[in-house]
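Here is how names work: the chains are called A, B, and so on, in the same order as the sequence lines, proteins then strands, and each is numbered from 1.
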2 protein chains.
Amino acid sequence: MKPLSIKDIAKKANVSITTVSFILNGKAEKMRISQEMILKVEKIIQELGFKPNQVARSLRTGTTKTIGLIVEDISNPFFAAIARLIEDKAYKHGYKIIYSSTENDLEKAKGLIRMFKTRQVDGYIIVPVTGLEEEIQDLLNNNTPVVVFDRSLPGLDVNSVLVDCAAGTYAAVESLIKQGKKNIAFVTVDVDVQQIKDRYAGYMNALKDSGIKASKKLHQLIPFSSTPDETAGLLKNFFTKNAEIDAVLFATNYLAVRGLFCFKELNKTLNGDFKVISYDDHDIFKLHSPEISAVDQPIDEIAENVISLILKDLAADHTLEKAPFNQVLLKSRLISR
Amino acid sequence: MKPLSIKDIAKKANVSITTVSFILNGKAEKMRISQEMILKVEKIIQELGFKPNQVARSLRTGTTKTIGLIVEDISNPFFAAIARLIEDKAYKHGYKIIYSSTENDLEKAKGLIRMFKTRQVDGYIIVPVTGLEEEIQDLLNNNTPVVVFDRSLPGLDVNSVLVDCAAGTYAAVESLIKQGKKNIAFVTVDVDVQQIKDRYAGYMNALKDSGIKASKKLHQLIPFSSTPDETAGLLKNFFTKNAEIDAVLFATNYLAVRGLFCFKELNKTLNGDFKVISYDDHDIFKLHSPEISAVDQPIDEIAENVISLILKDLAADHTLEKAPFNQVLLKSRLISR
DNA sequence: TTGAAAGCGCTAACAT
DNA sequence: ATGTTAGCGCTTTCAA
């Protein structure tokens, strides 16, 4: 049972496919097609339940009404929540989302962009990985709308929605220092992007400004590709070896969650003598005993800005001179618990 | 800068576009195109970085290499995890995923199927909502591959991957009874699908088999569309009014999480006198003090089965007689903590 | 006010 | 062994 085509509708209505097309695309008025014709055709479309083939339409118009979403890991609650919001808003504007996770793998990311390109997605929302500069620049050179979020790549002029991470970790460390902490550890992922470096910089600056000397020993790097078990091993080793640590700041929510598992195994009590703060909030931190403080990123605002930037760019007339890029910098918020 | 087309390649290579097409599609051998021709063309394709336009290909072949994924809520960790696994495996087979969340809204679900249809997705992976029977049956009648998971719809013969929920909640309640619990509450969502009913049935049967009389009062329904605050209100009211409750089974992970928030607010101690079990596991339950038991669903197995069923169906020759539907029933596992 | 027809980029039957 | 060409379903220019 082949689906209906515009031809079938035209035949049923005894009109040309042009007329049907105009009516379908709301151009009937402009083309001054008679009201009765419009009603008649619309009735037939209704009755037969005809839906235009979007693939054919895409081939013809060169636009697919699809946005490619490339995140680090869709199963991370942070990205899942944003993806959900983005999808929602895109949907309301007639766009669909095709998503994929890079797992911070450059080759995979490149492959995804390539694949999205062959699918002619109209725009890209990307959580970039280092090394992707050239691919993104290529997209920009072709006037393809791109918005990056969560991280930026140095030297790349592109619409971006970022959070002031340095300020976030600065505030977190500052609060720990005010609580009298002296040996504050920083656990981070080895992803080489500016935002992760910023989180570290915020940590370092807060120490410096308080006259505390930073110690290399208290900075632990966890490879992104580590399995949960490997991460656990690294963390256990780290905290066992450095017993003087009296507070720790985790640079991402999943690392903090791994950390909590680790402390549980080590039977480390998280009382006032040992404070934990996570970058990114999570239900877990609210329910944990004791509750875990967090530097919260404004997920709604991020999604809101990302989608409105991409929609704006999608709607822009790229034959005109290039519009300047928008760089949105949002604030994070320290939730002290 | 217009992207290259097969024509450009043909011109550069001084061959017809047919030759290029055959080479692109690995049909060169079969068409007995000379080895040197193949190499020459492949080299040009390489050098120019030509990628065939998938939209044109789709229009021509009628296949988009895209699978529509329709879940309840992509930001629910359970669905996010499965989505991630499905995406991964689909990707390896050259398929992309377009996803959307129904929020258990029938109209939204219908709209999604309609939209996916216009986009000619090759197959559907659906977490169905009641009332969607007709739409799914339509797809099946058109020989469109469909796999449902997490829930089934009565009277619908379709590939499905389900978990034996009744057994799961039975085991959970049985374990509570063995611990001497007498007033076991059941908190569930008001979604009217078989699997939710099964979870309730397992609860009821476990009570019955132990000679405990079930009480309507101990069965609390939470509308899916409730906001977290509304849910909190309902739960607080429920547990305050029914102080005799000494154990509770939540039918989904997010309800259990809401429950934990509620207990925290009520200062209810979750010691041996008050036990909580969730259907679906979650990191939160492992880290909670005390740890929360859970009926764990085999996420990997679910994803694995879903994807292999859909790929099998996608590869099947639908001109032949219809293959019987596959109904996979997986076991859940009670994790006693 | 409506219709004819070209063409988006590709595949594959048919021709040579 | 390789080329010519029709046509997938639609939009849009041009003509009537």
Practice task
Give a yes/no on whether any side-chain N or O of A:Arg57 is located under 4.0 angstrom from OP1 or OP2 of D:dG9.
Solution key: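 It does not, given that no N or O in the side chain of A:Arg57 lies less than 4.0 Å from OP1 or OP2 of D:dG9.
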
Practice task
May I ask you to evaluate whether B:Thr19 reaches the phosphate of D:dG3, defined as a side-chain N or O under 4.0 Å from OP1 or OP2?
Solution key: yes

Problem - Given DNA chain C, 5'-ward residue of the pair B:Pro52 and A:Ser34, judged by closest heavy atom - result: A:Ser34

Handout entry: Verdict with reasoning, B:Lys12 to B:Asp8, per salt bridge (charged side-chain N to carboxylate O under 4.0 Å, His left out)
Key = CA-CA 6 Å; B:Lys12 276 263 193 270; B:Asp8 302 310; over 6 Å; no

Exercise for the section: Test the B:Lys108-A:Tyr91 pair against the cation-pi criterion, namely NZ or CZ under 6.0 angstrom from the six-membered ring centroid and within 45° of the ring axis. Expected result: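 Yes, a cation-pi geometry holds between B:Lys108 and A:Tyr91.
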
Handout entry: Lys/Arg cation over aromatic B:Phe22: B:Lys27, 6.0 Å, 45° cone
Key =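 No, B:Lys27 does not lie over the aromatic ring of B:Phe22.
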
Exercise for the section: Mind checking A:Val55 for me? I need base, sugar-phosphate or nothing, with any heavy atom below 4.0 Å counting as a touch. Expected result: nothing

Using atom [atom1] of [X] as one end and atom [atom2] of [N] as the other, report the distance to the nearest whole Å.
| X | N | atom1 | atom2 | result |
| --- | --- | --- | --- | --- |
| B:Leu59 | D:dA6 | CG | P | 17 Å |
| A:Lys40 | C:dT2 | NZ | P | 10 Å |
| A:Lys51 | D:dG9 | NZ | P | 18 Å |
| B:Glu29 | D:dT2 | CD | P | 12 Å |
| A:Lys7 | C:dG3 | NZ | P | 16 Å |
| B:Gln120 | C:dC10 | CD | P | 18 Å |
| A:Leu24 | D:dT11 | CG | C1' | 11 Å |
| A:Leu4 | D:dC8 | CG | C1' | 16 Å |

[X] and [Y] ion-paired at < 4.0 Å:
| X | Y | value |
| --- | --- | --- |
| A:Asp73 | B:Arg84 | yes |
| A:Lys117 | A:Glu135 | no |
| B:Glu47 | B:Lys43 | yes |

Practice task
Would you check if there is a donor-acceptor pair between the side chains of A:Thr64 and B:Arg119 at a distance under 3.5 Å?
Solution key: no

Practice task
Using distance alone, with no hydrogens and no angle criterion, decide if A:Ser160 and A:Gln327 have a side-chain donor and acceptor under 3.5 Å apart.
Solution key: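 Looking only at side-chain atoms, A:Gln327 and A:Ser160 do form a donor-acceptor pair, the distance falling under 3.5 Å.
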
Distances for protein N/O vs nucleotides 12-16 of chain C N/O pairs under 3.5 angstrom?
residue, atom, partner, partner atom, Å
C:dA12, OP2, B:Lys27, NZ, 2.5
C:dA12, N6, B:Thr18, OG1, 3.2

Problem - Where B:Thr102 and B:Val129 come nearest, the two heavy atoms and their spacing - result: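 Reported closest heavy-atom pair: OG1-CG1, 3.9 Å.
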
Handout entry: Any side-chain heavy-atom pair of A:Tyr95 and A:Ile307 under 4.5 Å
Key = no

From the set [options], return the single nucleotide nearest to any side-chain atom of [X].
| X | options | answer |
| --- | --- | --- |
| A:Ile6 | D:dT11, D:dA1, C:dC8 | D:dT11 |
| B:Ser16 | D:dT4, C:dT2, C:dG9 | D:dT4 |
| B:Phe50 | C:dC10, C:dC8, D:dC10 | C:dC10 |

Completion exercise
Axis-to-axis angle across the helix from C:dT1-D:dA16 to C:dT16-D:dA1, five pairs each end, nearest 10 degrees, ~ 50°

